[in-house]
Amino acid sequence: MSFVSPEFALLCLVFLPIYWSLAEHRRAQRSLLIVSAYGLYATWVPVFAWVLLAYSTVIWALGRWMQRAGADRLPWVLGLWLAGSFLVFIKYYEFVRETFQALLQLTGFVSLLPVVDWVAPVGVSFFTFQAVSYLVMVGRAPALARSWSDVLLFLSFWPTLFAGPIWRAEHFFAQTDEQDPARCVGRPRHAWLALYLITLGLVQKVLLASWLSAQVVDPVYKYPDQYASVSLAAAMLGYSLQILLDFAGYTLVVTGLALLLGYRLPVNFRQPYLARNLSDFWTRWHVSLSSFIRDYIYIPMGGNRLGWGRTQLNVLTGMLISGLWHGANWTFVVWGLLHGLGVVVQNTAKRWGMPAWPRWAAQILTFVFVTVAWVFFRADTVPQALLMLQGLWHSPAGFWQSEQMPWWGLLGIVALVWGLSPRALRWQRLSVAWLARLGPWLGGVLLALLWCVLLYGAPEGVPSFIYYRF
Amino acid sequence: MRRHLSARQLSWLLPGIALLVCVSWLTSLEKYLGARYHFSLEAALPSAVSEALFAPSRWLDERIREGGSRPLFRLNWPSSSDVQEVQAPPKRTPEPPQLKDLPPPLPPGEFLATLAQQKLAPGPQRILLAGDSMMQGIAPLFMRDIMRLHPDWQVQDLSRQSTGLTVRRHFDWPLRMVDEMDAQNLTLVVIFLGPNDPWDMLVDGRRHVFPSPGWALNYALRVDEVLSAAVQRQVRVIWVGLPVMKEGRIRDGAVLQNHIFYERAAQWGTDYLATEPLIGTLSTPYQKFKLKEDGQRVNLRADDGIHLAPSGLRMINQALLDHIAKALQP
């Protein structure tokens with residue numbers, strides 16, 4: 001069930017008052033949260049809920065074993081291996097099998113890898129990384145191992161279950177353990193902010209990202225050779241905006257939902273298209289993933305402590321893993337490597353003493369690079385991505401020929417994103433303060449009006465989220 | 001003034017907002033319920049209640065969504081004078097669909113074979129691709145290949161996700177296709193749809209449960225709307241049959257739908273392209289992978305057990321191209 005479906009809205013209306021009414025009964029409230037998460041998860045494919053339950057139980061048991069084993073590293077190593085190999089096996093096996101088969105075919109041999117017919121559970125990449133963060137936390141401090149229900153709650157917390165942001169175990173449990181009544185979870189926290197974030201997220205996702213997808217991006221990516229070079233460039237620009245509005249919009253919605261449950265989610269976006277270089281971009285885009293890769297992969301590999309050359313290799317490896325994390329496809333491999341190479345080139349230029357660019361030029365260059373890399377992220381295959389890029393200077397449909405490209409809408413969204421991004425937090429503070437000043441009656445009517453406008457402008461049906469497939 | 005909203009305040013504020021939104025959005029919600037659950041709130045309520053309940057959203061629809069019930073998108077081809085607009089009647093009158101028992105299952109391994117009864121007129125073609133997400137998968141491959149083979153042909157893709165023939169209020173395919181035939185001088189329509197259809201049908205206020213003889217009759221009548229209009233306008237039709245499906249209702253639906261597509265195509269002298277021999281027959285268990293001649297196993301299906309993986313799409317696309325190539329031969 002999608003977070004932007006009428007069914008989910010109806011369930012929330014029933015669930016939230018019951019949840020809040022149990023604020024004084026923490027155990028019951030958390031049990032309700034776990035049950036609701038599993039129920040929600042089962043609406044996708046019922047068997048997924050059992051997989052998640054079994055997986056969480058294994059992670060909990062490993063944590064207990066670590067607690068008992070003390071200094072023995074065996075359970076820690078076994079736990080990380082199990083958590084990692086679960087993801088690799090369930091998500092990448094078919095990709096590996098097909099690649100292996102294609103390679104062997106060239107030599108005339110037949111692959112012996114058996115065919116396995118399964119479907120990766122939704123959100124598997126997210127809850128696997130959370131499981132890793134739990135195991136690492138317990139590995140570092142065995143006394144921090146949690147109860148079964150705590151681990152179930154952590155790995156199934158429904159606002160983040162399907163597409164993040166990726167929690168760190170220590171941050172999550174710091175909130176659940178909070179004893180201060182003003183800060184403890186279970187009651188709505190900053191409710192006006194929550195409603196503002198949900199509304200803004202819906203505008204970004206349901207209205208803007210869906211419009212970009214239907215009107216600008218999908219038609220061109222579907223038939224790239226029928227569009228002129230300028231339209232191809234417009235579609236690339238459109239996708240850069242679409243993926244930001246889609247994923248950042250989703251994050252805003254779940255952040256708002258989590259606040260209504262009393263939880264504060266980790267930050268996932270910090271106006272990424274204002275980044276001045278690629279390193280800066282990765283401190284602003286999908287922050288919970290990039291910081292995870294930094295802390296759990298890049299730094300343990302040596303980070304920047306083993307010399308310049310090794311640092312660049314670590315960067316490339318980290319970016320490659322980041323690319324592969326998104327899916328079993330060569331397009332993601334190329335996307336990750338492109339970003340890795342971009343950071344290496346940037347580091348090389350810095351090492352050679354290249355002067356810093358003016359801020360606006362650096363922002364434009366970074367955005368153009370990111371946009372070109374998104375072509376591989378969006379395309380179904382590497383040849384399709386290359387066809388798009390090739391079409392920029394030589395398209396069968398010409399250079400200028402103008403199809404039905406809705407330029408005004410696209411440029412309007414461009415202006416909106418770059419116009420509001422630099423002062424987004426200020427806008428947020430002002431809007432929330434204004435809503436609070438209006439009070440529940442007027443504020444409620446205003447929100448209802450906004451949601452009506454939103455639904456009238458939205459496309460039919462329930463739009464899907466790009467990051468749900470990861 | 002208190003600036004923070006308490007749980008108690010939120011408990012009435014959120015339902016209040018939801019109520020306001022629902023009342024002003026009820027016509028869209030009704031469409032959503034119809035498309036997703038094949039349920040009509042309007043039909044379920046007493047007429048006086050539904051009239052009152054729907055009044056605000058209808059009022060808003062009339063004023064805000066001016067012309068909202070019109071097609072959201074329309075093909076925009078230049079009119080061509082080189083295509084004959086012959087409104088000739090069909091050569092023979094096909095038998096209308098009959099209310100009869102549901103067809104018995106075919107023996108294991110058997111399927112309804114391709115029907116190739118039409119020839120395409122020489123010269124450039126104007127092709128319309130119609131259907132649901134099944135066609136959405138094929139259309140980009142087909143368009144790319146056909147434009148490479150015949151640069152002077154025109155192909156337009158009208159495929160639309162989550163559509164079918166069962167729920168007219170959601171998307172009226174027969175009307176839409178006839179509309180396009182008239183407006184665009186089509187020479188060929190390729191139709192590939194079905195998995196959204198195995199649900200009860202509401203026809204003139206009467207519910208026809210899926211699967212039942214009444215459902216089959218009404219579904220066949222909708223297929224006939226397309227085929228009769230096409231035959232009258234001398235537009236060729238290739239109805240692409242459904243391959244094996246994984247899940248019960250959709251699989252049962254595909255069995256019945258293929259029978260209807262095949263039978264009506266046979267009656268009207270149009271074409272039916274069987275995908276079962278390529279992807280998997282409905283009379284045998286579902287299989288995601290297929291063993292190729294070189295001994296390799298290739299994945300033909302998407303994870304949902306309905307849609308096709310790239311290899312499966314390529315196979316159907318090639319079959320469609322071959323079918324058209326044969327129809328071009330004198």
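Numbered from 1 within each chain, the chains take letters A, B, ... in sequence-line order.
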From B/W25 atom CH2 to B/L20 atom CG, the distance as rounded to the nearest 0.5 Å: 14.0 Å
B/R301 (side chain) donor-acceptor with B/I306 (main chain) under 3.5 angstrom: yes
Contact leader toward chain B among A/W20, A/Y223, A/W451, where contacts are heavy-atom pairs under 4.5 Å: A/Y223
Test item: B/N299 side-chain N/O and B/S311 main-chain N/O as donor-acceptor pair under 3.5 Å: no
For chain A, the option from B/A18, B/A139, B/C22, B/G16 that forms the most heavy-atom pairs under 4.5 Å: B/A139
Engaged part of B/Q287 at the chain A interface, taking heavy atoms whose separation is under 4.5 Å: neither
Region of B/S162 that comes under 4.5 Å of a non-hydrogen atom in chain A: neither
Pairs of heavy atoms under 4.5 Å with chain A: top-ranked of B/L14, B/V298, B/D304, B/L29: B/L14
Contacting moiety of A/L449, where chain B heavy atoms sit under 4.5 Å: neither
Engaged part of A/L260 at the chain B interface, taking heavy atoms whose separation is under 4.5 Å: side chain
Close aromatic pair by centroid cut-off 6.0 Å: B/W12 and A/W441: yes
Portion of B/L10 that has a non-hydrogen atom of chain A nearer than 4.5 angstrom: both
Cation-aromatic face contact B/R251/B/Y286, 6.0 Å, 45 degrees: no
Expected output: side-chain B/R58 to main-chain B/T27 donor-acceptor under 3.5 Å: no
